[in-house]
Asker: 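Encoded as structure tokens, here's the structure I'll be asking about.
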Amino acid sequence: MAEKLFLYGASGHGKVLFDLIQSNNQSVDGVVDDNPLLYDLLGVPVYRSTELNQFQGKLLISIGDNAVRKGIARTWSSKKFFKAIHPKATVSSYANVGVGSVVMAHAVVHADVQIGVHCIVNTGALVEHDCSIGDFVHISPNAAVAGNVIIGEGTHVGIGACIIQGIQIGKWVTIGAGAVIIKDVPDYAVVVGNPGKIIKYKKNE
Ligand SMILES: CC(=O)SCCNC(=O)CCNC(=O)[C@H](O)C(C)(C)COP(=O)(O)OP(=O)(O)OC[C@H]1O[C@@H](n2cnc3c(N)ncnc32)[C@H](O)[C@@H]1OP(=O)(O)O
């Protein structure tokens with residue numbers, strides 16, 4: 001019998017992953033969320049994290065916030081996680097997608113790309129050849145990352161942003177929606193606009 005699959009996070013992102021899992025002819029057996037007001041996600045029961053140890057199965061963290069995803073992955077590091085790739089995503093057989101990561105519909109991940117653990121490559125995002133994407137990164141819908149780009153842990157590439165080839169982006173960077181990144185970006189920077197300019201630094205993850 002197939003192992004049971006659980007989502008951690010009864011969020012909007014959780015709903016999208018729910019659909020993704022069904023697109024792969026699998027089903028979600030339960031959702032974990034500590035919001036006491038939530039009892040069900042798309043008809044599947046929501047459990048509290050205190051109940052999680054009762055369940056045998058594999059877990060996928062369905063929370064968009066990169067730092068929160070990292071915290072949950074650490075807390076539940078003894079659990080088995082799974083990755084999920086939409087059947088309408090294109091992932092090169094020469095790319096590597098880490099455990100706990102998701103690749104949404106119409107995303108493209110080309111050859112010799114390394115994607116870390118617990119990442120989100122969101123709907124229609126493009127990751128070109130030879131990129132290295134750190135753990136807990138989120139590449140938002142319709143963002144495009146050109147070849148040979150390195151992105152550090154926890155960075156969020158905003159919706160529709162573009163990063164030209166060969167750029168190095170630090171860790172826990174925020175790239176604003178629609179930004180065009182043509183220069184390297186240091187750790188914790190928040191960058192917006194075309195061409196991308198740093199408007200501030202985040203204090204931490
Ligand atoms: C499925 C999903 O939903 S995936 C989620 C996808 N979501 C995203 O991609 C969101 C990305 N986030 C953004 O673009 C945000 O605006 C951020 C993180 C860049 C900035 O947010 P905040 O820190 O709250 O900054 P704030 O809104 O105060 O804006 C600061 C300044 O930057 C400007 N600014 C903010 N975002 C952008 C942007 N994307 N492009 C250009 N300018 C921007 C603001 O106009 C403001 O300018 P001002 O000081 O001259 O008035």
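Counting starts at 1 for both ligands and their atoms, following the listed order.
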Asker: Using a 4.0 Å cut-off to any heavy atom of Gly158, which atoms of ligand 1 qualify?
Answerer: 9 (O)

Asker: Could you tell me the residue and atom name of the protein heavy atom closest to atom 15 (C) of ligand 1, and the distance to it rounded to 0.1 Å?
Answerer: Gly176 CA, 5.0 Å

Asker: Any protein heavy atom lying closer than 4.0 Å to atom 33 (C) of ligand 1?
Answerer: no

Asker: What is the closest protein heavy atom to atom 18 (C) of ligand 1, and at what distance does it sit?
Answerer: Thr174 CG2, 3.6 Å

Asker: Ligand 1 and Asn122, any nitrogen or oxygen pair closer than 3.5 angstrom?
Answerer: no

Asker: Quick one: look up the protein heavy atom nearest atom 6 (C) of ligand 1 and list residue, atom name and how far away it is.
Answerer: Ser140 OG, 3.7 Å

Asker: Report yes if some heavy atom in the side chain of Ile151 is under 4.5 Å from a heavy atom in the side chain of Ser132; otherwise report no.
Answerer: no

Asker: Return each pair, listed once, that meets salt bridge (Lys or Arg N to Asp or Glu O under 4.0 Å) where at least one residue sits in residues 103-112; pairs must be two or more places apart or across chains.
Answerer: none

Asker: Establish whether atom 46 (C) of ligand 1 and some protein heavy atom are separated by less than 4.0 angstrom.
Answerer: no

Asker: Can you find a heavy atom in the side chain of Trp76 that is under 4.5 Å from one in the side chain of Asn53?
Answerer: yes

Asker: Tell me: protein heavy atom nearest atom 20 (C) of ligand 1, and distance?
Answerer: Val190 CG1, 4.5 Å

Asker: In Å, rounded to the nearest 0.5 Å, how long is the span from CG of Leu17 to NE2 of His86?
Answerer: 10.5 Å

Asker: Does the residue Gly178 have a heavy-atom contact with ligand 1, meaning some pair of atoms that are separated by less than 4.0 Å?
Answerer: no

Asker: Give a yes or no on whether Lys15 atom NZ has more than 12 heavy-atom contacts from other residues, nucleotides or ligands under 6.0 Å away.
Answerer: no

Asker: Step through the shown structure and confirm whether more than 12 heavy atoms of other residues, nucleotides or ligands are within 6.0 Å of NZ on Lys171.
Answerer: no

Asker: Using side-chain heavy atoms (C-beta onward) and a distance below 4.5 Å, is Asp40 in contact with Val44?
Answerer: no

Asker: Has Lys79 got a side-chain atom pairing as donor or acceptor with Lys58's backbone, closer than 3.5 angstrom?
Answerer: no

Asker: Which one holds for Pro141 and ligand 1: side chain close, backbone close, both close, or neither close, with close meaning a heavy atom under 4.0 Å?
Answerer: side chain

Asker: Suppose we measure from atom 36 (N) of ligand 1 to each protein heavy atom; which comes out shortest, and what is that distance?
Answerer: Val192 CG1, 3.9 Å

Asker: Do any nitrogen or oxygen atoms of Val191 come within less than 3.5 Å of a nitrogen or oxygen of ligand 1?
Answerer: no

Asker: Which residue owns the protein heavy atom closest to atom 10 (C) of ligand 1, what's the atom, and how far is it?
Answerer: His156 CE1, 4.2 Å

Asker: Determine whether any protein heavy atom is located less than 4.0 Å from atom 42 (N) of ligand 1.
Answerer: yes

Asker: Is atom 39 (N) of ligand 1 less than 4.0 angstrom from some protein heavy atom?
Answerer: yes

Asker: Could you tell me whether Arg48 sits above the aromatic face of Tyr39, with NZ or CZ closer than 6.0 angstrom to the six-membered ring centre and within 45 degrees of the axis?
Answerer: yes

Asker: Decide whether the shortest distance between a heavy atom of His138 and an atom of ligand 1 is less than 4.0 Å.
Answerer: yes

Asker: Considering heavy atoms of the protein only, find what lies nearest to atom 26 (P) of ligand 1 and give residue, atom and distance to 0.1 Å.
Answerer: Lys200 NZ, 4.9 Å

Asker: Return the closest protein heavy atom for atom 29 (O) of ligand 1 as residue, atom name and distance.
Answerer: Ile199 CD1, 4.7 Å

Asker: Looking at atom 22 (P) of ligand 1, tell me if a protein heavy atom falls under 4.0 Å from it.
Answerer: yes

Asker: Can you list the steps and then say if His156 with Ile175 is a side-chain contact (heavy atoms from CB on, under 4.5 Å)?
Answerer: CA-CA 6 Å; His156 177 206; Ile175 296 177; over 6 Å; no

Asker: So for ligand 1, is Ala177 a polar contact partner (N or O within less than 3.5 Å, distance only)?
Answerer: yes

Asker: Heavy atoms of the protein only: does one fall short of 4.0 Å from atom 4 (S) of ligand 1?
Answerer: yes

Asker: Test Val121 against Val127 for side-chain contact (heavy atoms from CB on, under 4.5 Å), laying out the working first.
Answerer: CA-CA 8 Å; Val121 180; Val127 185; 4.2 Å; yes

Asker: Tabulate below the donor-acceptor pairs under 3.5 Å that side-chain atoms of residues 195-205 make, not counting sequence neighbours, or state none.
Answerer:
from: Lys202; atom 1: NZ; to: Trp172; atom 2: O; distance (Å): 3.4
from: Lys202; atom 1: NZ; to: Thr174; atom 2: OG1; distance (Å): 3.4
from: Glu205; atom 1: OE2; to: Lys70; atom 2: NZ; distance (Å): 3.1

Asker: I'd like to know if the side chain of Asn122 pairs up with that of Ser140 as donor and acceptor (distance under 3.5 Å, no hydrogens or angles considered).
Answerer: no

